Protein chains: 2
Amino acid sequence: MPKRSAKESKPLKTTKKLKTTEEEDNGVDSGIDTKAKSDLCKTTANETNEECSRVSSIGSKFNKKIMSWNVAGLRALLKKNRLKDFETEDADIVCLQEVKCQQKDIPEEINVWAKYKYKYYNLGEKPGYSGVCLFSKEKPLQVKNGIGLKEHDSEGRVITAEFPDFYLVTTYVPNSGRGLVRLDYRQKWNNDFDEYLIALKAKKGVILCGDLNVSHKEIDLENPKTNTKTAGFTAEEREDFTRFLSKGFVDSFRHFYPNDKKCYTYWSYFRNARDRDIGWRLDYFVVSEQLMANICDNQIRKQIKGSDHCPILLYLSI
Amino acid sequence: MPKRSAKESKPLKTTKKLKTTEEEDNGVDSGIDTKAKSDLCKTTANETNEECSRVSSIGSKFNKKIMSWNVAGLRALLKKNRLKDFETEDADIVCLQEVKCQQKDIPEEINVWAKYKYKYYNLGEKPGYSGVCLFSKEKPLQVKNGIGLKEHDSEGRVITAEFPDFYLVTTYVPNSGRGLVRLDYRQKWNNDFDEYLIALKAKKGVILCGDLNVSHKEIDLENPKTNTKTAGFTAEEREDFTRFLSKGFVDSFRHFYPNDKKCYTYWSYFRNARDRDIGWRLDYFVVSEQLMANICDNQIRKQIKGSDHCPILLYLSI
DNA sequence: CCTGTCATG
DNA sequence: CATGTCAGG
């Protein structure tokens, strides 16, 4: 399997001042020409009622499906009648980020949801902020919230579920904020979280999924030139991610689709960014190298609405 | 003209504990039997496209119309396309309470509204809280915000406009709050505001309009028995109002309709109170005695939606 | 823009 | 229940 390259195009120096709101970014038309259709995101299988037809590198068809979705408020999602999208996908494991509620606020439809017998939550302390959960048909061997560091474990950002053949870690990585007010903390998080994942990988294959709040390369967002000082595309965040991958992890989407453009998973609510497809790829399935042989595909469900992020899917043969 | 009686039925002592939310009150069915139709509120003239046909006590037809409406958020009202109601009524003067915005937030439709050339605002300091305004076709001789006491003049509650034949005072009286947390302040307000109005009346006839945040008698709300400890129907607020009227002011609505029931101007948003007509009369035109000979009618526009209060109208011959 | 929170009524 | 506010993204 191909090794990930740590080489990347450095962001251009720009004299533009630091942006304080997203409004300035997402409305700007990209200067990039529309490329050949064959290079565009082709991973929206369910739009055509097609399921994953790829096989893993060892030739086997998928037998397990994991879904990850930053829902930007679980209650709002359900009010918009979006539970049906989960039913359609019928993933074996569902990981949600930014559920933005406390245990008592989890909608009853979720509590009584029979498809996923095993439900786990890490909802954090601050009401209406962050929060992740993991739903599984199969019972995990073990489930743990956080990464074992008090400094990072109060905001409901990580759940680790151990399965027979892999660890599944779902996360909502701290946003560096407007004016990058939280970039320092984000880099501390990056260091500590990397260590946690590397230690895990020493024991068993690791699948990391969720909103990593970084677009890795210029190809991963619509307006790379104007966003080098915007949270999610700073040199610091990108380099941290490159360094992490170099420790033995694979951005599974780029592994399968190295040159596909406009494969976004997030669009700002501002200025109709989604309709115009002015987006970012912020959501990932990152897989430890030892497990890549078992991965069949990674798909992006651009057509599923209800949040400013769309769901992503991992197909495994395991 | 008839003198207002200061006699009133004292609220019954009850062992019920203090209510902390309105929810407990407005859903409870009233024990009062439905009375003969002739006793019900008949002042919704515009429902049948009827204008005021009454004449003043000196026999003249109206030639001036004043509207008062607690709009519970001016921006929200306009979003609901309610500007047309003002056009239909075509009052000479419009007084609004609880506009809940600052000058910069006043919708442009209001700023460019040609019907009312003269527009005055007292919007207070706290964003999104309280705030009153007064629109007039005719230019007032003089306009003043507040009552001249620092303690009471920071919340945007009073505008006084002097016209040739009367002072028009519009107000949003402080709510005593859940658990009556602000009843003490309310009583201080009542005292100081009364003094202000009495001094004004010594100079010229006075019309006071707006949300007085009190239902005077049992007839003025649906559930008098269960609301004696609720803001707006405490013995304190009712007695203060009785005392004020005894100083030479007339509740003009009750003057014309002494026995009409269900003449409400406010319905809680809770529990469909408005559909079930579980309401309160909180909005008034109070007129100084010397001016009552010029008053033709006072009508309540129960059918006009868009706020938890409805508009009220005063017809004058002056 | 859109989610949550909170205060106020 | 429905206005506003504010933080967060």
Side-chain angles (χ1 to χ4, degrees), chain A residues 19-23 25-27 70-80 97-102 105 123-131 155 172-182 186 211 213 230-232 266-275 278 280 282 305-309, chain B residues 19-23 25-27 70-80 97-102 105 123-131 155 172-182 211 213 230-232 266-275 280 282 305-309:
Chain A
K19 282 179 232 69
T20 51
T21 79
E22 284 188 87
E23 289 187 73
D25 299 305
N26 295 286
N70 178 322
V71 293
L74 184 55
R75 284 169 290 181
L77 192 82
L78 291 216
K79 271 185 213 147
K80 289 178 268 192
Q97 302 88 38
E98 278 206 274
V99 298
K100 291 188 170 191
C101 63
Q102 289 162 303
D105 308 316
L123 300 177
E125 291 164 4
K126 195 163 159 185
Y129 179 72
S130 185
E155 295 188 327
Y172 170 53
V173 168
N175 190 300
S176 297
R178 297 262 172 94
L180 304 177
V181 286
R182 232 186 162 194
R186 165 64 176 274
D211 177 358
N213 257 321
T230 311
Y266 163 84
W267 304 261
S268 166
Y269 281 124
F270 284 87
R271 295 179 185 241
N272 271 313
R274 188 155 186 174
D275 286 344
I278 313 288
W280 303 54
L282 298 178
K305 304 287 171 60
S307 163
D308 48 358
H309 294 248
Chain B
K19 282 178 232 69
T20 51
T21 80
E22 286 187 86
E23 291 188 70
D25 302 305
N26 296 287
N70 177 320
V71 293
L74 184 55
R75 282 169 291 181
L77 193 82
L78 291 217
K79 271 186 214 149
K80 288 178 270 194
Q97 303 88 38
E98 279 206 271
V99 297
K100 290 187 171 191
C101 63
Q102 289 162 302
D105 308 317
L123 300 176
E125 292 164 4
K126 195 164 158 183
Y129 179 71
S130 185
E155 294 187 329
Y172 170 52
V173 168
N175 190 300
S176 297
R178 298 264 172 94
L180 304 177
V181 285
R182 234 187 160 193
D211 177 357
N213 256 322
T230 310
Y266 162 84
W267 304 261
S268 166
Y269 280 124
F270 284 87
R271 297 181 185 240
N272 269 314
R274 188 154 186 174
D275 286 342
W280 302 55
L282 297 179
K305 304 288 172 59
S307 163
D308 49 357
H309 294 247

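Chain identifiers are assigned alphabetically (A, B, ...) following the order of the sequence lines, protein sequences preceding nucleic acid strands; residue numbering begins at 1 within each chain. The structure presented is a predicted model; accordingly, all values stated were derived computationally and were not measured.
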**Q** We want to know whether A:Glu98 and A:Asn70 form a side-chain donor-acceptor pair, criterion being a heavy-atom distance below 3.5 angstrom.
**A**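 Distance-only check passes for A:Glu98 and A:Asn70.
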
**Q** Can you tell me the distance, in whole Å, between the CD atom of A:Glu155 and the C1' atom of D:dA7?
**A**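 Nearest whole value for this atom pair: 13 Å.
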
**Q** Nearest to the side chain of A:Phe270, heavy atoms from C-beta on, is which of C:dG4, D:dG9, D:dG4?
**A**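 Of the options given, the side chain of A:Phe270 lies nearest D:dG9.
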
**Q** Give the rounded distance in Å between these two atoms: CG of A:Asp275 and P of C:dC1.
**A**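 For the pair A:Asp275 CG and C:dC1 P, the rounded distance is 12 Å.
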
**Q** Which nucleotide wins on minimum distance to the side chain of B:Asp105, given the candidates D:dT5, D:dG9, C:dT8?
**A**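 Among the listed nucleotides, the one closest to the side chain of B:Asp105 is D:dT5.
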
**Q** For A:Lys79, what residues pass the side-chain contact (heavy atoms from CB on, under 4.5 Å) criterion, not counting sequence neighbours?
**A**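 For A:Lys79 there are no side-chain contact (heavy atoms from CB on, under 4.5 Å) partners, ignoring immediate neighbours.
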
**Q** Atom CG of A:Leu74 to atom C1' of C:dT5: distance rounded to whole Å?
**A**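 From A:Leu74 CG to C:dT5 C1': 17 Å.
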
**Q** Kindly point out which of C:dG9, C:dC1, D:dT3 is positioned nearest to the side chain of B:Ala76?
**A**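 So the nucleotide nearest the side chain must be D:dT3.
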
**Q** In whole angstrom, give the distance that lies between atom CH2 of A:Trp267 and atom P of C:dC2.
**A**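 From A:Trp267 CH2 to C:dC2 P: 15 Å.
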
**Q** Measure CZ/B:Arg182 against P/C:dA7 and give the value in whole Å, please.
**A**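 Spelled out: CZ on B:Arg182 to P on C:dA7 is 15 Å.
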
**Q** From C-beta outward on B:Arg75, which listed nucleotide comes closest to its side chain: D:dG9, C:dT8, D:dT5?
**A**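 Side chain of B:Arg75 sits closest to D:dT5.
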
**Q** Mind checking the OG-CD spacing from A:Ser307 to A:Gln97? Nearest 0.5 Å is all I need.
**A**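 The OG atom of A:Ser307 sits 9.5 Å away from the CD atom of A:Gln97.
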
**Q** Counting side-chain heavy atoms from C-beta on, which of C:dG9, C:dT3, D:dG9 comes nearest to B:Arg178?
**A**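 Per side-chain heavy atoms of B:Arg178, the pick is C:dG9.
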
**Q** Go through it in stages, so that I can follow the logic: the residues are B:Arg75 and B:Asp105, the test is side-chain contact (heavy atoms from CB on, under 4.5 Å), and I'd like the CA-CA distance, side-chain angles, deciding distance and then a yes or no.
**A** CA-CA 8 Å; B:Arg75 282 169 291 181; B:Asp105 308 317; 3.6 Å; yes

**Q** When the distance from CG of A:Asp308 to C1' of D:dG9 is rounded to whole Å, what number comes out?
**A**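 In whole Å, D:dG9 C1' and A:Asp308 CG are 7 Å from each other.
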
**Q** When you match A:Tyr269 and A:Gln102 each to their closest nucleotide on DNA chain C, which lands nearer the 5' end?
**A**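 Taking each residue's closest nucleotide, the earlier one in sequence belongs to A:Tyr269.
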
**Q** Would you say C:dT8 has OP1 or OP2 under 4.0 Å from some side-chain N or O of B:Lys126?
**A**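 Checking B:Lys126 against C:dT8: at least one side-chain N or O falls below 4.0 Å of OP1 or OP2.
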
**Q** Let me know the distance between NZ of A:Lys100 and C1' of C:dG4, rounded to the nearest Å.
**A**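 It works out to 5 Å between those atoms.
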
**Q** Kindly point out which of C:dT5, C:dG9, D:dT3 is positioned nearest to the side chain of A:Pro127?
**A**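 Selected nucleotide (nearest to the side chain): C:dT5.
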
**Q** Checking all strands, does B:Lys80 fall into the base, sugar-phosphate, or nothing category for heavy-atom contacts under 4.0 angstrom?
**A**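 Since only primed, P, OP1 and OP2 atoms lie under 4.0 Å of B:Lys80, the category is sugar-phosphate.
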
**Q** Which whole-number value in Å describes the distance from B:His309 NE2 to D:dC1 C1'?
**A**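 Taking NE2 of B:His309 and C1' of D:dC1, I get 14 Å after rounding.
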
**Q** Between the side chains of B:Glu155 and B:Arg182, is the shortest nitrogen-to-carboxylate-oxygen separation below 4.0 Å, so that they form an ion pair?
**A**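 Looking at B:Arg182 and B:Glu155, the cut-off is met.
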
**Q** Could you work out which one of D:dG8, C:dC2, C:dT8 sits closest to the side chain of B:Tyr129?
**A**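 That would be C:dT8.
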
